[in-house]
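Everything on this sheet refers to the single structure shown next.
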There are 2 protein chains.
Amino acid sequence: MKKLTKIAPIENLSLVDKVELRLKEYFKENNLKIGDSIPKELEFAQAMGVSRTSVREALLRLRTIGIIESKKHRGMVLTQPDIIRNFEKAIDFNLLGDQTLKDIFELRLILEMGMADLLFARKTEQDLKILDKIVSKQEKEEKNTNFFSLENEITFHGKLYQMSNNSTLQRFQDLLLPVFQFVHDNKLPEAKNFKYSSGKFVTHRDLLNILDKGTPDAFREAMRKHLEPHFEQILEA
Amino acid sequence: MKKLTKIAPIENLSLVDKVELRLKEYFKENNLKIGDSIPKELEFAQAMGVSRTSVREALLRLRTIGIIESKKHRGMVLTQPDIIRNFEKAIDFNLLGDQTLKDIFELRLILEMGMADLLFARKTEQDLKILDKIVSKQEKEEKNTNFFSLENEITFHGKLYQMSNNSTLQRFQDLLLPVFQFVHDNKLPEAKNFKYSSGKFVTHRDLLNILDKGTPDAFREAMRKHLEPHFEQILEA
DNA sequence: AATATTAATTATGTCCTACATAATGCAAAA
DNA sequence: TTTTGCATTATGTAGGACATAATTAATATT
């Protein structure tokens, strides 16, 4: 099919798309910040020469993302978008495809491998005590076994995320966990009775001891061994 | 203030919130998957006994997130949500607060520290050649200097993300980069003329050599040194 | 004068009806 | 068989009306 080189493409933005772009320009031109009030729906509609319905639909997009918040009688203000919220909804609707699930599973592993320096910089005595409690409880339940328990993993590692003192990371992990668990339960059928196949077995106790008295490098080495079952599965794919 | 224990809380979900919940239930009850068609706006409105406008607002939320896609004359289908898209918009509107920006800056570092195993598992000869070109070009420009260049960082590390073969991570990085750059340019005033303060200087060439012939552990150690300027800044805060 | 109550106003939330528009399907003509 | 024209379809847009929660102002009570 030969392209028509003399005919320019027709702009096919919908009216609501255009309104949204105009809103963005308006916010930038006026240097609006989080917390600032913005004009009313009717004011925007009149200024743009469109119906309130179209303005409403554009604003509704921004509301969904979290860029604005609206109150009856008061109007609307700019808010900091919650960058995790819509990720939550995607998961809630069970609409992530296999490839994305796999990506997220890997992303979780990458984060676990990458957070050592933050943990060492930000650990407190209180944190270590709580971790000790978690590990002691897990040791009682497991009794010298190498079986992999996802629930214990989630408890221990969840605490590590908390210790990072990075709230975005924590919120992100709250979402990664269900995905991780879903993939683990449904897509990796051999995982449930998994035993460590090679190398030294690194327990949560080992990790905690290093976190208490070791170095970030040593922690990374140990974490890699600890996560070996998962790495084995994804790196062979 | 003593709670009234005999009075049940008033449900204050808006009508559109309720419609959204019903839609979610409907999708789950009918086991709908990506690509499946869903009923028309009017059909939903009639079935739920609400106006088309309220259904439209609920559907518009889902459309914004990417859960559904609508076509004139054809109706709507379920799609895999693009989990990165709304993150893009948050950045586009310049509405992230300082704390979130800092979190994202750290998140980037964590990802860099964590991706070694994927790189080693998925590197190709082609990848290494391209990296060699990138590094050679950078070496020509720099000529035995320890100055930190953000642009070179972005080029080199961007290629690493690509090599991970994890599309979510790549898309995520496309977003992290502008934030990283913004924070670097605007929030870390000392960064522009930064020199390495301690330890052995690890270049992109060093990293590439290890990636070619070394181990993931060695790569992690080297990467940590390479990223020392950034880590210094966040870990002292 | 201070406080409580009521009324008025405000701006978003919801509803309804009508029409516009892009897209598909079908029938007729070439 | 291919092209054109028309009818139908379902989302997109418009405009008006009313509902509702929340704020402000006015009035009544103490």
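Because only heavy atoms are used, hydrogens play no part in the values below, and waters and symmetry mates are left out as well, while side chains stay in. Bear in mind the structure is a predicted one, so any value in this text is a computation, not a measurement. Proteins get letters first, then strands, A, B, ... in listed order; numbering begins at 1 in each.
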Write down the distance between CD (A/E69) and C1' (C/dG13), rounded to a whole number of angstrom. 15 Å
Aromatic ring proximity, centroids under 6.0 angstrom, A/Y161 and A/F172: no
Would you mind reading off the distance between A/E41 atom CD and D/dA17 atom P, rounded to a whole angstrom? 18 Å
To the nearest Å, give me how far apart CG (B/L42) and P (D/dT9) are. 12 Å
Round to the nearest Å and state the distance from B/R56 atom CZ to C/dT17 atom C1'. 15 Å
Closest listed nucleotide, where the reference is the side chain of B/K72 and the choices are C/dA22, D/dT13, D/dA10: C/dA22
Sorted by position of nearest nucleotide on DNA chain D, 5' first, the leading residue of A/K71 and A/S51 is A/S51
Side-chain atoms of B/R63 come closest, of D/dG12, D/dA22, C/dC15, to D/dG12
Describe the nucleic acid contact of B/S70 in one word from base, sugar-phosphate, nothing, applying a heavy-atom distance below 4.0 Å. sugar-phosphate
Closest-nucleotide ordering on DNA chain C, the 5'-leading residue of A/T53 and A/H73: A/H73
The reported gap from CD1 in B/I38 to CG in B/L23 (rounded to nearest 0.5 angstrom) is 7.0 Å
Angle class for the B/H204/B/F156 ring planes (parallel below 30°, perpendicular above 60°, tilted otherwise)? parallel
Look at the side chain of A/M76 and decide which nucleotide, out of D/dT8, D/dA14, C/dT12, has an atom nearest to it. C/dT12
Is a donor-acceptor pair below 3.5 Å formed from side chain A/R52 to base D/dG16, judging by atom type as modelled? no
Mark yes when over 12 heavy atoms from residues, nucleotides or ligands other than B/Q126 sit less than 6.0 Å from its CD; otherwise mark no. no
Rounded distance (Å) that lies between atom P of D/dG15 and atom CG of A/L15: 10 Å
